[in-house]
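Note that the structure is a prediction, hence the values are computed from the model and not measured. Because only heavy atoms are used, hydrogens play no part in the values below, and waters and symmetry mates are left out as well, while side chains stay in. A, B, ... follow the sequence lines: proteins, then strands. Residue 1 opens every chain.
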Amino acid sequence: MAQRFYDTRTATVRDFVPLTEGEVSLYYCGATVQGMPHVGHVRSAIVFDILVRWLEYTGLQVTSVRNVTDIDDKILEKSAASYGEDFEEDENYPADEPWFALAYRFEHEFARAYAALGVRRPTYEPRATGHIPEMVALIQRLIDAGHAYPATDGSGDVYFEVNSWPAYGELTRQRVEDLQDAPDADPRGKRDPRDFALWKGAKGTDPATAAWESPWGSGRPGWHLECSAMSTKYLGSHFDIHGGGLDLRFPHHENELAQSAAAGDGFANFWLHNGMVTYAGEKMSKSVGNTISPEQMLEQARPKAVRYFLGQAHYRSQLDYRPTSLQEAEAAIERIEAFLDRGADVVADLQLKREEAAAVAGTLTGEEAPDAVYVAQFSSVPTAFRAAMEDDLNVPQALAVLHDAVRAGNSALAAGDEDAVEQYYSDVQSMVEVLGLDDVPEPESAQDPAAHHALDILIRAQLDARAAARAAKDWTTADGIRDTLAAAGVVVEDSADGARWSLQ
RNA sequence: GGUGGGGUGGCCGAGAGGCGAGGCAACGGCCUGCAAAGCCGUGUACGCGGGUUCGAAUCCCGUCCCCACCUCCA
């Protein structure tokens, strides 16, 4: 089966064939760094992180680019507001902060949020402010081609002329006539209200640091333009996939496509859009107050569970957050981890036995023991998992395969079938890797090896005492020890070969 | 008004003409000294009304409702 993706532009699921064999070029929209990341940003990043990991798993070489839009109206507005006399600063917005400081600060907050959830960095993360010459060149090409014009009112703006581009609306299949005019649109020097800004002439109130020289006067780029300029700079005029949130389809991606296509670029071959995150069925919004930030999620659950939750739905579906969602994800994750923990012990034993057997055989024959032969194969994923991922990245289906393997693995453990355990262990491990779940950093408290070692010795002493009590059928003492450990957040599990402990 | 996507069991969430994906929760059983974990089993789920079909959650017609975008948005 071939890889297939739903392409927004054609509104169909199509076979995905890379433009260059063996390689994939991916551009997906990151953030306009004007505030703290919210879960929607993070979901999108996780979706495309899984996509990249999967494509790489299938042997493709992926070049991924995610923009940082670090200059725009909102950033300037927020910075300007911070200098106001009646400005009330809060933890996210200090007083008197230059726009570039604000943007850079939030850029780092995004990087932190991504890293906390195991989102790998893209190949490159270009900033809009670093690509002004590319944007100016693109505008010039559009003017030369007759698709853009400097504003007639001397404002220094340059607009894309929607009516000069018959294909306008092709991405979202909308007719220009049907579009509602923006109620508060400032017509300024536009020929048509639907024309959008490529370049915004500097206003007297703009800080000098937020203006660049151009053939049309000092100013700054409009939204949309940076993505066209940066994607084609790093990926070529025609690249494989352009991604982003569903809400970016219009106008952002529609305009990107128009300006790039009108300039003569082939642009994106596939458009992938991820669904929104809702809170109990409603879109999260600050005014309703039904928001939850990545930070808050991380306070409630382990990063791995948060990643599992944000990645578990199909990427095109709306993902609904509920107060119980993270607990459920935590339970699912723990089930997988519990199997991997127990399975690892069995697999390690099995390896050891083989090495011993090989050593004995080597002594007998005088040959050296071949060790490479016994290295577990972590390289292949079950066919059903592959089929699910190839079918428009059907992660929910893929997770079903993962959970099936966990159950089968647990049964094999119970049956003492070590070879089967090894196989399921390998399957689960490789699926977990593709989904990036093994790559999520644990919270700092859980990753101090010295502390963990000390704790292990102390708990083992307790468990030994309990084992002795159990051997003597002194249940009161045995249960007392277990209760004490439980009160300290240590869960004890008995098994045929002794007790295991883990932190709650 | 235009465009796109939906309504699936207690909850989340795939699927898309015929064997009830999967997770979470619940209940019963096995295992266990008791637990925990694990395993097995249970629930007659597809908004509503018609139709097509041997057979429909899946196709067709009608109808109700929801969400997103059209203004900044992942």
Taking atom C1' of B:rC72 as reference, at what distance in whole Å does atom CD1 of A:I71 sit? 15 Å
What nucleic acid atoms does A:D247 come within less than 4.0 Å of, heavy atoms only: base, sugar-phosphate, or nothing? base
So which protein N/O to nucleotides 3-6 of chain B N/O distances come out below 3.5 Å?
| residue | atom | partner | partner atom | Å |
| --- | --- | --- | --- | --- |
| B:rU3 | O2' | A:T172 | O | 2.7 |
| B:rG4 | O2' | A:R249 | NH1 | 3.3 |

Applying a 4.0 Å non-hydrogen cut-off, can you work out what A:G40 is touching in the nucleic acid: base, sugar-phosphate, or nothing? base
Crowded around A:F110 CZ? As in, over 12 foreign heavy atoms under 6.0 Å? yes
Hey, does the Lys NZ or Arg CZ of A:R4 hover above the aromatic six-ring of A:F16, less than 6.0 Å from the centre and inside 45° of the axis? no
Of the nucleotides B:rG33, B:rA36, B:rA74, which has the atom closest to the A:V491 side chain? B:rA36
Side-chain donor or acceptor of A:H38 under 3.5 Å from a matching atom on the base of B:rA74? yes
Would you mind classifying the nucleic acid contact of A:V277 as base, sugar-phosphate or nothing, using non-hydrogen atoms under 4.0 angstrom? base
Which protein N or O atoms sit under 3.5 Å from an N or O of nucleotides 65-67 of chain B?
| residue | atom | partner | partner atom | Å |
| --- | --- | --- | --- | --- |
| B:rC67 | O2' | A:Q318 | OE1 | 3.0 |

B:rG18 to B:rC46 separation - C1' atoms, rounded to the nearest Å: 16 Å
Residue A:R173 excluded, over 12 heavy atoms near CZ under 6.0 Å: yes
A:D494, nearest nucleotide to its side chain (from B:rA74, B:rA35, B:rC69): B:rA35
Hey, is the side chain of A:H403 poking within less than 4.0 Å of OP1 or OP2 on B:rG22, counting only N and O atoms? no
Spacing of the P atoms in B:rG5 and B:rC61 (rounded, Å): 16 Å
Which nucleotide in B:rC34, B:rA21, B:rC40 has an atom nearest any side-chain atom of A:S411: B:rC40
Pair assignment for RNA chain B - dot-bracket with | for other-strand partners, Watson-Crick or G-U under 3.5 Å: (((((((..(((.....[...))).(((((.......)))))....(((((..]....))))))))))))....
Tell me: CG of A:L326 to C1' of B:rG23, nearest whole Å? 14 Å
Using a heavy-atom cut-off of under 4.0 Å over every strand shown, decide if A:G169 touches base, sugar-phosphate, or nothing. nothing
Can A:H253 and A:H273 be counted as having a side-chain donor-acceptor contact under 3.5 angstrom? yes
Base, sugar-phosphate or nothing for A:K473? Non-hydrogen atoms, less than 4.0 Å. nothing
If you compare every side-chain N and O of A:N394 against the phosphate oxygens of B:rG15 (OP1, OP2), does one of them come in below 4.0 Å? yes
Sugar-phosphate, base or nothing in reach of A:D73, heavy atoms under 4.0 Å: nothing
Any base atoms under 4.0 Å from A:A338, or only sugar-phosphate, or nothing? Heavy atoms, all strands. nothing
Any donor-acceptor pair under 3.5 Å linking the side-chain atoms of A:T69 with those of A:D72? no
Nucleotide nearest A:R466 (side chain, heavy atoms from C-beta), chosen from B:rC34, B:rC24, B:rC39: B:rC34
Heavy atoms only, 4.0 Å cut-off, all strands: where does A:R500 land among base, sugar-phosphate and nothing? nothing
When all nucleic acid strands are considered with a 4.0 Å heavy-atom cut-off, which category describes A:S317: base, sugar-phosphate, or nothing? sugar-phosphate
When the distance from CG of A:L310 to C1' of B:rC12 is rounded to whole Å, what number comes out? 14 Å
Please classify the nucleic acid contact of A:A414 as base, sugar-phosphate, or nothing, using heavy-atom distances under 4.0 Å. nothing
For B:rC34 versus B:rG41, give the span between their P atoms, rounded off to a whole number of Å. 24 Å
Euclidean distance for C1', B:rA35 against B:rC30 (whole angstrom): 15 Å
Can you tell me how far C1' in B:rA37 sits from the matching atom in B:rA45, rounded to whole Å? 30 Å
Nearest to side-chain heavy atoms of A:D404, which nucleotide of B:rG22, B:rG33, B:rA74: B:rG22
Looking at residues at least two apart in the chain, or sitting in another chain, which of them share a side-chain contact (heavy atoms from CB on, under 4.5 Å) with A:V421? A:V346, A:A412, A:L413
Minimum-distance nucleotide to A:P396 side chain [options: B:rA14, B:rA37, B:rC11]: B:rA14
Is it the case that A:R9 places NZ or CZ above or below the six-membered ring of A:F270, under 6.0 angstrom from the centre and within 45 degrees of the axis? no
Expressed in whole Å, how much space separates the P atoms belonging to B:rA26 and B:rU8? 22 Å
Of A:R43 and A:F309, whose nearest nucleotide on RNA chain B comes first from the 5' end? A:F309
Closest non-hydrogen atom pair, A:M230 against A:Y27: CE-OH, 4.0 Å
Without decimals, in angstroms, what is the distance between A:E330 CD and B:rA25 P? 12 Å
Checking B:rG38, B:rC34, B:rA21 against the side chain of A:R335 (C-beta onward), the nearest is B:rG38
Answer yes or no on whether A:R66 is positioned over the face of A:Y114, meaning its NZ or CZ is under 6.0 Å from the six-membered ring centre and within 45° of the axis. yes
So, is A:R407 near the phosphate of B:rG38, with a side-chain N or O under 4.0 Å from OP1 or OP2? no
By nearest heavy atom, map A:L399 and A:T32 onto RNA chain B; which one lands nearer the 5' end? A:L399
Considering only side-chain heavy atoms of A:L248, which listed nucleotide, B:rG33, B:rA74, B:rG13, is closest? B:rA74
Distance criterion of 3.5 Å, no angle test: do you see the side chain of A:R342 paired donor-to-acceptor with the base of B:rA37? no
Could you tell me how far apart A:E170 (CD) and B:rC69 (P) are, to the nearest whole angstrom? 22 Å
Nearest-Å distance once atom C1' is located in both B:rC31 and B:rA25: 22 Å
Classify the ring geometry of A:F160 against A:F196: parallel below 30°, tilted from 30° to 60°, perpendicular beyond 60°. parallel
Will you find, in the side chains of A:E97 and A:S82, an N or O donor that is under 3.5 Å from an N or O acceptor? no
Mind listing the closest non-hydrogen atom pair of A:I333 and A:A305 along with its distance? CG1-CA, 4.2 Å
For A:Y315, ring-ring contact (aromatic ring centres under 6.0 Å, His included) partners two or more places apart: none
Please, which pairs that meet ring-ring contact (aromatic ring centres under 6.0 Å, His included) have at least one residue in residues 462-498 of chain A, sequence neighbours excluded? none
Under 4.0 Å between a side-chain N/O of A:R322 and OP1 or OP2 of B:rG13, yes or no? no
A:M276 has its side chain closest, among B:rC24, B:rC69, B:rA74, to B:rA74
Whole-Å C1' distance, B:rA14 and B:rG6: 14 Å
Compute whether any side-chain donor of one residue and acceptor of the other, for A:S293 and A:E295, lie under 3.5 angstrom apart. no
Does OH in A:Y104 sit with more than 12 non-hydrogen atoms of other residues, nucleotides or ligands closer than 6.0 Å? no
Determine whether a donor-acceptor pair (one donor, one acceptor, N or O, separation below 3.5 Å) exists between the side chain of A:D479 and the base of B:rG33. yes
